[in-house]
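So the structure is just underneath, and the comments pick up after that.
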2 protein chains.
Amino acid sequence: MGDPLLLQNQLCFPLYAAAKETVRCYRAYLDPLGLTYTQYIAMMALWEHKKMTISEMGRLLYLDSGTLTPMLKKMEQAGLLMRTRSATDERNVEITLTDAGWELREKAMHVPSGMAQFVNLEPGEVIQLYHLLYKLLDQEVCKR
Amino acid sequence: MGDPLLLQNQLCFPLYAAAKETVRCYRAYLDPLGLTYTQYIAMMALWEHKKMTISEMGRLLYLDSGTLTPMLKKMEQAGLLMRTRSATDERNVEITLTDAGWELREKAMHVPSGMAQFVNLEPGEVIQLYHLLYKLLDQEVCKR
DNA sequence: ATAATTTCAATTGTGTACAATTGAAATTAT
DNA sequence: ATAATTTCAATTGTACACAATTGAAATTAT
């Protein structure tokens, strides 16, 4: 395998760089919507689940309250969602979408197909990559 | 394929999350060395190339001066490297390692094998993933 | 029932990331 | 040779990202 301390012999480096570049490419599509990539996946989570607590969203998106709390407050200010203390368990803050948050879904519909043009992989390769990434993600559990 | 605005139908999300989790897992090995992951790949670049300008490092690591300049200054403060204006082209800042920077290489030798335990993929899968990530990375050129 | 523990969101502090801009230095065009 | 352009590192401003801590609320243990 050769010298393990060479970038070209590391699996993590292309993973790190490809993720970063891909997120950067999203800007062309997300800037017009006024969303960052992290805000976009938070919106996707809410479009699907309609209502989530911050910790549920954190488990789904692999993010913690230190990231989510300030970001969700910003998105509340922007009128996309509402943050409400749960009546049944006051530790939880429930996130729900406003009308504007739901309307943004229509404008976001074209984002995935637009981004797909940057990914010039064969359909089979996309599926392979998808499964390998989830296999890696599911195994990686250095506590948390 | 179904609804494109579902997280589970997106390629980018597992890429983003797996990269983030992998970098987070590095902490267990890098904290004792006093390095962050980004500093670690900068050190790897320097261990290999011995001398680099900031822009060369930026092209190699997919990072810009806004990230590298303050980080390299911090690493200079920590005694790992030196920053010198090039005599032949004063626009360039050349980065070279100090003795301490070279000595850290010995302590970093065990990092890749330690990290490998988090990646429970078949050897063939690792190679597949590696090639797919580089294929994705090489194609993704939304200017810059 | 009360004490010990756990869960939760928020906060604090540090460290990336990157777009956009700046100003000096080098290269290219005329 | 000089002007226009390009390259480079640094700076500014915004936005994550996460470890560690805090304090309130809920759950569990005794």
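Every chain is numbered from 1 and lettered A, B, ... according to where its sequence line falls, protein lines coming before strand lines.
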### Side-chain donor/acceptor of Thr69(A) to backbone N/O of Gly66(A), under 3.5 Å
no
### Query
Rounded to the Å, how far apart are Lys73(A) NZ and dA9(C) P?
12 Å
### Query
dA19(C), dA9(C), dA25(D): which one has an atom nearest the side-chain heavy atoms of Arg27(A)?
dA19(C)
### Query
Does a distance-only test, which skips hydrogens and angles, find a donor-acceptor pair under 3.5 Å between the side chain of Ser65(B) and the base of dA10(D)?
yes
### Query
Is Asn92(B) near enough to dA9(D) that one of its side-chain N or O atoms lies under 4.0 angstrom from OP1 or OP2?
yes
### Query
Rounded to whole angstroms, how far apart are NZ on Lys20(A) and C1' on dC16(D)?
13 Å
### Query
Quick one: Glu90(B) CD to dA25(C) P, roughly how many Å, whole number?
6 Å
#### Entry: Nearest-angstrom distance from the residue atom CG of Leu72(B) to C1' of dC8(D)
14 Å
### Query
In terms of hydrophobic clusters joined by side-chain contacts under 4.5 Å, are Ile127(A) and Tyr16(B) together?
no
#### Entry: Protein-nucleotide distance (Asp89(A), atom CG; dT28(D), atom P), rounded to Å
12 Å
### Message
Quick check: on DNA chain D, is the nucleotide nearest Ser86(A) upstream (toward 5') of the one nearest Tyr62(A), or the reverse? Name the residue that is more 5'.
### Response
Tyr62(A)
#### Entry: Residues Asp3(A), Arg105(B); criterion salt bridge (Lys or Arg N to Asp or Glu O under 4.0 Å); working and verdict
CA-CA 12 Å; Asp3(A) 186 343; Arg105(B) 190 175 192 280; 2.6 Å; yes
### Donor-acceptor side-chain pairing of Thr36(B) and Thr38(B) below 3.5 angstrom
no
### Query
In the strands shown, is dA10(D) matched to any nucleotide by a Watson-Crick or G-U wobble pair with both distances under 3.5 Å, and which?
dT21(C)
### Query
Which base, if any, makes a Watson-Crick or G-U wobble pair with dT16(C), both distances under 3.5 Å?
dA15(D)
### Task
Report the C-alpha separation of Glu21(A) and Arg24(A) in whole Å, then their side-chain angles, then the decisive distance to 0.1 Å, and conclude whether the salt bridge (Lys or Arg N to Asp or Glu O under 4.0 Å) test is met.
CA-CA 5 Å; Glu21(A) 289 303 291; Arg24(A) 205 173 54 78; 2.9 Å; yes
### Side chain of Arg91(B) (C-beta onward), nearest among dT16(C), dT11(C), dA25(C)
dA25(C)
#### Entry: Out of dA17(D), dA26(C), dA9(C), whichever nucleotide has its closest atom nearest the side chain of Val93(A)
dA9(C)
### Query
Under 3.5 Å, side chain of Thr98(B) to main-chain N/O of Gly79(B), donor-acceptor pair present?
yes
### Nearest-angstrom distance from the residue atom CG of Leu63(B) to P of dA10(D)
15 Å
#### Entry: DNA chain D contacts among residues 39-61 of chain A, heavy-atom distance under 4.0 Å
Gln39(A)
### Message
Can you see if the side chain of Arg83(A) gets near the phosphate of dA10(C) - specifically, an N or O under 4.0 Å from OP1 or OP2?
### Response
yes
### Task
Counting heavy atoms from C-beta on, name the nucleotide in dC18(D), dT16(C), dA9(C) closest to the side chain of Arg85(A).
dA9(C)
### Query
Paired with dT27(C): which nucleotide, if any, by Watson-Crick or G-U wobble criteria at under 3.5 Å for both distances?
dA4(D)
### Message
Please determine whether a side-chain nitrogen or oxygen atom of Thr38(A) lies at a distance below 4.0 Å from atom OP1 or OP2 of dA17(D).
### Response
yes
### Task
Using atom CG of Asp31(B) as one end and atom C1' of dA20(D) as the other, report the distance to the nearest whole Å.
12 Å
### Query
In whole Å, what is the span from the OH atom of Tyr16(A) to the P atom of dA17(D)?
12 Å
### Nearest-nucleotide comparison on DNA chain C, the residue closer to the 5′ end among Pro70(A) and Thr67(B)
Pro70(A)
### Message
Please say yes or no: joined through hydrophobic side-chain contacts below 4.5 Å, possibly via intermediate residues, are Leu121(B) and Tyr26(B) part of one cluster?
### Response
yes
### Task
Take atom CG of Asp31(B) as the centre, draw a 6.0 Å sphere, and report whether it contains more than 12 heavy atoms from other residues, nucleotides or ligands.
yes
